[in-house]
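Residues: numbered from 1 along the sequence shown. Computed from a predicted model, the values in this text were never measured in an experiment. One-based numbering, in listed order, for ligands and for the atoms of each.
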Amino acid sequence: MNLHEYQAREILQRHGIPMPAAAVAASPEEARAIAARLGGGGKVVVKAQVHAGGRGKAGGVKLASGAAEAAAAATQILGMTIKGLPVHKVLVTPAAEIASESYVGIIVDRASQRPVLMVSPAGGIDIEQVAAQTPQQIYRLAIDPRFGLLPHQALGLGFKLYPGLGAARAAADIMQKLAAAVYAVGASLAEINPLVTTPDGAVVALDAKIVVDDNELERRPEIAALRDATAEAPSEVAARKAGLTFIKLEGTVGCCVNGAGLAMATMDLVKYYGGAPANFLDIGGSSNPQKVVDALAIITADPNVKAILFNIFGGITRCDDVANGIVQATSRFPLRVPLIVRLTGTNEREAVEILTKAGYSALTDMDEAVKQAVERAA
Ligand code: GDP
Ligand code: MN
């Protein structure tokens, strides 16, 4: 689950990381009032609060001198969509003077099976870009979960960012607090980009990004309560409500599969035959017809989808349940794209009967079904 910058800032500030004061506005008037209150007549920054990186490049971060300009900037930004997501709120904060920008982040790394602290003196820009162009500018350290980030380790990395002892110590302190925050909220990623030095030598975080591991939410209701469904892709919100595991992708073959492994294999095969999946969707083990109806509603709402592929391996899932779901769904909202169904396993015969009666045909061979889906989506 993504947090907004203003939510991530609150968490980092609670852990003692220095950040400029800030407040959130949902209207230009509110932005004006905050700029007047916090800005002291000087420059402020107005920042889009959306679950997307690169807001700066997209025009979602604007410098304003004074309250009137802040209101104007808020008017502009509140009307924007960034990477498909509408902006409902802006953060207003006094502008810091920047002497240097660096990057500090912690990400749970599968290879080392640990949280990895990454720092770079090349901050302010996407860390992916630094990794691609100047990888020698990124320094990494895997954190041993038994001991946490130790002070001498943090200081070592602090010196990779700043030659002076004062700034290196300040950065090290921030790294340790960031590591504590990662454990406190169950983050899979926590990032400060940029971490800046000001002309008077202070080290301050100007941006904050936290992604919380979804599996942590159940035991952290106070973090789960931070979810802002209005800022998420509507299809992903609908899928979560329906208890489906769904990830939107860019292709044209809508996939409805039972089981995550089979769903991955299906997407691989779609690619193998020259197509591209429009989504990952796992309807789960014991899928009742309603889940299939919900799944089809979500897939058909995507205008990119040119064909829909069902791939069902009936174990605990009963093929006749799925077939009934397909019939119910398509009688409620007629499909505008071809439907290819492959099912095999428990109650396969009943399923074929149900589908045939409703005018659909069903395949049992996975390759054949995927090939047809790719062809019809082309
Ligand atoms: P992002 O593009 O979504 O990561 O948004 P950021 O919050 O990182 O802002 C993008 C860039 O705007 C930063 O890298 C800075 O160069 C600039 N910026 C943000 N806040 C300030 C500020 O307080 N003062 C100044 N001078 N520039 C800022
Ligand atoms: Mn940033």
Counting heavy atoms only, which part of Asn193 comes closer than 4.0 Å to ligand 1: side chain, backbone, both or neither?
backbone
Atom 11 (C) of ligand 1 protein-contacted (non-hydrogen atom, under 4.0 angstrom):
no
May I ask you to check if ligand 1 and Lys47 share an N or O to N or O distance below 3.5 Å?
yes
When you group the ILVMFWY residues by side-chain heavy-atom contacts below 4.5 Å and let the links chain together, are Leu178 and Tyr162 in the same group?
yes
Looking at Lys209 and Glu5, does any basic side-chain N land under 4.0 Å from a carboxylate oxygen?
no
Could you check atom 14 (O) of ligand 1 against the protein and tell me its nearest heavy-atom contact, residue, atom and distance included?
Glu101 OE2, 2.9 Å
Has Phe333 got more than 12 heavy atoms of other residues, nucleotides or ligands less than 6.0 Å from its CZ?
yes
Nearest-neighbour protein heavy atom for atom 18 (N) of ligand 1, which is reported as residue plus atom name and distance:
Ile98 CD1, 4.5 Å
Can you check whether Gly56 has an N/O within less than 3.5 Å of an N/O in ligand 1?
yes
Could you check atom 19 (C) of ligand 1 against the protein and tell me its nearest heavy-atom contact, residue, atom and distance included?
Val61 CG1, 4.3 Å
Winner among Gly124, Ala96, Ala208, Ala95 once heavy atoms are compared against atom 26 (N) of ligand 1
Ala96
Around atom 20 (N) of ligand 1, find the nearest protein heavy atom and jot down its residue, atom name and distance.
Leu206 CD1, 3.8 Å
When distances are taken from atom 4 (O) of ligand 1, the protein heavy atom at minimum range is Asp207 OD2, 3.2 Å
Give the residue and atom name of whichever protein heavy atom lies nearest to atom 5 (O) of ligand 1, and the separation in Å to one decimal.
Arg55 NH2, 3.2 Å
Backbone of Ala21 reached by a side-chain donor or acceptor of Thr93 within 3.5 Å
yes
Common cluster, Ile192/Ile127, ILVMFWY with side-chain heavy-atom separation under 4.5 Å
no
Lys57 to ligand 1: N or O pair under 3.5 Å?
no
Quick one: CD1 on Ile298 to CZ on Arg240, what's the gap to the nearest 0.5 Å?
11.0 Å
Are the side chain of Arg114 and the backbone of Ala142 linked by a donor-acceptor contact shorter than 3.5 Å?
no
Atom pair CG/NZ of Leu269 and Lys371 - distance to nearest 0.5 Å:
9.5 Å
Can you name the N/O/S atom of Asp207 that is nearest the Mn ion (ligand 2)?
OD2
Heavy-atom count around Gln136 CD within 6.0 Å, excluding the residue itself: above 12?
yes
Ligand 1 to Gly54, heavy atom cutoff 4.0 Å, flagged ligand atoms 2 (O), 3 (O)
